[in-house]
Amino acid sequence: EIERLIEQKTCDLNAVMVENQSSVKTLNTKLLIQTLEKSKDAKKRWHEGLLLWKRRRHHHSLGLVRDRVAGNEFRQPEVLLEILERVREQQGHACKSRTALAEALFGTAPENLTAAVVQDCDERNEALDKRSQETVDVLTTELKECADDLDKQCETMIKELCEELVHHDARLEWGEHESVEALVEAEIKPGLRDCHEHVHSMTRAIATAWADEEERQEDSMKSLLRFYKSLAEQQSQLKKNVEKLPGEHECEVEDMEKEHQDACEQREEELISIKDDMQQEAHLDQLDLHRERAFEQLGVIEQGYRDHTDALIAQHQGYPGTVAKFMEDACEGFCRLLGLTTEAAVAAAAAAAAAADGGAPAATPETIDVDLANLQEWPRGADTGCRILERMPLPKLKEEVLKKEARQTGTEDSAGVQEAEPPPPPPAAKTAAKAAAKANAKGAKEAVAPPEPPPEAEEEKTPEEPQFMDCPTAAEAIRFRAPWLQEPSWLEQRLGSTREAVFQHLASCRKYLDAGVDIE
């Protein structure tokens, strides 16, 4: 009985244990499934967070690079701006130095203008050109090196960006691109290429504009020095002749006085000899002959004094004409340089040209006067005693002075400045010659009209330089022009003042020559 009770209790206990074990297994299975589900959810969330982090890091890296490209780091870096500031300073310094040199030339009084003064200015100009060219070369090299350094910085930035994007491995953000390099090529490099073109175009434009402006200023200064060298040569010749002309006149008068004095002494000795003969003569017939000889000798002496007086009067009366001819030649020498001419030179050139034109007679005064009406009189030259005509207005004279010298293969002057070529003959002379030839050639064959000059070739249009208005310093460096060459009135006013100063000096020379010799 006890065994049955134990067995029954044991069976119930086993059933409970089996049921408990089954419940434990079921609960364990449910817990395991729940844990796996939560683990899967956590892994999914972690993967999504990782992808989101990669995406944000990807866009952050690209955004930083885009901001750098869109900013001034690769378009207007501080180093480039600092070089541009030095370029502007050098442009202003060179321009001020050349302006001061030009002012020194224009400020030199004509009577103080010598070849040594022009030579000194030429040497200063050559030293200035050398220093300026060295500075241009240095700063141009720095601009090129700055542009090259920017290219290297761009390459370094692209390399670092590619490494970051590969490390992030956000392939979903690559889109249609198969690699990081393709993505960077499509999204970053176009902006960098724009920066590259912008910087290199800017440096090229600045270097070209600066070199052209430097060449323009150098050529203008050389032309101005050539002009003043020619003026100095004319002034030197004028000073030499002004000092020599009164002396020559006085020397001629002194020679005439000495010759007359010698002749008088010789005639008086002859008269004394006749007197001695008269005192020693004892016969009346011979005494009468000696007396007649004495009166004849007195007549010779009288005629000698008269001839000497006439010669002195002729010499003194001819001096004003000599001065007038000298002043005419001196004025014409300066007129050729200053865009002027004299009435006598135009008339002489017209007459000579008309006489040489097919053997035609010389131009009549009426024809010359009519043609001279095309040239206006320049009243400030009246004090020289010559009628001065304006052959070139000041704007045309400025162009003539600044005209570029033709390249020559021969040896140049040691000073580096060559004498300016004389300007062509006045147009009025040609016109007068043609009018005279036509007026005196009636009935002859009609002259063949000269062929019309070929039309001037159209100037090649140069592409406009980029202005780079986003960088004011670069725009100023490109557009910089020397005020003394850019402003038309600057040179014109000073050339006009030079004209007036030269002819005031010529007028003072005329007064000196007129008053320097006593012709009474």
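Because the structure is predicted, anything quoted here is derived from the model rather than measured. Because only heavy atoms are used, hydrogens play no part in the values below, and waters and symmetry mates are left out as well, while side chains stay in.
Residues Glu500 and Gln504 have side chains that never bring a donor and an acceptor to within less than 3.5 angstrom of each other. Judged purely by distance below 3.5 Å, without hydrogens or angles, the side chains of Gln133 and Asp137 pair a donor atom with an acceptor atom.
A salt bridge between Asp129 and Arg98 is present, with a side-chain N of the basic residue lying under 4.0 Å from a carboxylate O of the acidic one. A salt bridge between Glu82 and Arg86 is present, with a side-chain N of the basic residue lying under 4.0 Å from a carboxylate O of the acidic one. Looking at Glu181 and Lys189, no side-chain N of the basic residue comes within less than 4.0 Å of a carboxylate O on the acidic one, giving no salt bridge. Salt-bridge annotation for Glu85 and Arg88: absent, with no side-chain N of the basic residue lying under 4.0 Å from a carboxylate O of the acidic one. Between Glu187 and Arg66 a salt bridge is recorded (basic side-chain N to carboxylate O distance below 4.0 Å). Ionic pairing of Arg391 and Glu400 is not present here: no N-O contact between side-chain nitrogen and carboxylate oxygen is shorter than 4.0 angstrom. Classification of Glu103 and Arg494 as a salt-bridged pair holds, one side-chain N sitting under 4.0 Å from a carboxylate O. Between Asp41 and Arg45, none of the side-chain N atoms (NZ, or NE/NH1/NH2) sits under 4.0 Å from a carboxylate O, so this pair counts as no salt bridge.
Taking both residues in full, the closest heavy atoms of Ala330 and Leu506 are given as CB-CD2, 4.4 Å, listed atom of the first, atom of the second, then distance. The shortest non-hydrogen separation linking Glu377 to Leu389 is CA-CD2, 3.9 Å. Closest of all the heavy-atom pairs between Leu491 and Trp484 is CG-O, 3.7 Å. Nearest approach of Lys398 to Leu495, heavy atoms of both residues: CA-CD1, 3.7 Å. In terms of heavy atoms, His168 sits closest to Lys54 at O-CD, 2.9 Å. For the residue pair Glu214 and Ser132, the shortest heavy atom distance occurs at OE1-OG, 2.7 Å.
In the displayed structure, Glu7 atom CD is contacted under 6.0 Å by at most 12 heavy atoms of other residues, nucleotides or ligands. For NE2 of His167, the number of neighbouring non-hydrogen atoms (other residues, nucleotides, ligands) closer than 6.0 Å is 12 at most. Heavy atoms of other residues, nucleotides or ligands lying less than 6.0 angstrom from CD of Glu134 number more than 12.
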Could you go through Asp212 and Arg216, starting from their C-alpha distance and side-chain angles, then the distance that decides it, and tell me whether this counts as salt bridge (charged side-chain N to carboxylate O under 4.0 Å, His left out)? CA-CA 6 Å; Asp212 293 344; Arg216 178 170 171 257; over 6 Å; no

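For the pair Asn241 (side chain) and Gln237 (backbone), a donor-acceptor distance under 3.5 Å is present. Panel note: side chain Asp120, backbone Ala116; no donor-acceptor pair is recorded below 3.5 Å. Side-chain N or O atoms of Ser236 include none that pairs as donor or acceptor with a backbone N or O of Glu233 at under 3.5 Å. Without hydrogens or angle criteria, Thr156 side chain to Lys152 main chain gives a donor-acceptor distance under 3.5 Å. Between the side chain of Asn28 and the backbone N or O of Val24, no donor-acceptor pair lies under 3.5 Å. At distances below 3.5 Å, at least one donor-acceptor pair connects side-chain atoms of Arg499 with backbone N or O atoms of Leu338. No donor-acceptor distance shorter than 3.5 angstrom exists from the side chain of Thr208 to the backbone of Ala205, with no hydrogens or angles considered. Although no hydrogens or angles enter the test, the distance criterion places no donor-acceptor pair under 3.5 Å between the side chain of Glu328 and the main chain of Cys386. The main-chain N or O of Lys25 is found under 3.5 Å from a side-chain atom of Thr29 such that the two form a donor-acceptor pair. Counting only distance, with no hydrogens or angles, the side chain of Gln153 and the backbone of Phe74 share no donor-acceptor pair below 3.5 Å.
Applying the ring-ring contact (aromatic ring centres under 6.0 Å, His included) definition to pairs two or more places apart or across chains, those involving residues 81-132 are Phe106-Tyr228.
The closest side-chain heavy-atom distance from His200 to Asp151 is below 4.5 Å. Leu105 has its side chain out of reach of Phe227: every pair of non-hydrogen atoms, C-beta onward, lies at least 4.5 Å apart. The side-chain heavy atoms of Met202 and Leu80, taken from C-beta on, include a pair separated by under 4.5 Å. Between Leu128 and Arg131, the closest side-chain pair of non-hydrogen atoms falls below 4.5 Å. Leu161 places none of its side-chain heavy atoms less than 4.5 Å from the side chain of Val180.
Here the OG1-CG distance, from Thr26 to Leu31, works out to 10.5 Å after rounding to the nearest 0.5 Å. A distance of 11.5 Å separates SG of Cys154 from CZ of Arg193, quoted to the nearest 0.5 Å. Distance SG/Cys331 to CG/Leu238: 9.0 Å, rounded to 0.5 Å. Here the NE2-OG distance, from His505 to Ser508, works out to 5.5 Å after rounding to the nearest 0.5 Å. To the nearest 0.5 Å, the span separating CG on Leu84 from CD1 on Ile206 amounts to 4.5 Å.
Applying the ring-ring contact (aromatic ring centres under 6.0 Å, His included) test to Phe334 and every residue at least two apart in sequence or in another chain returns nothing. For the ring-ring contact (aromatic ring centres under 6.0 Å, His included) test, no residue two or more places apart in sequence or in another chain qualifies with His177.
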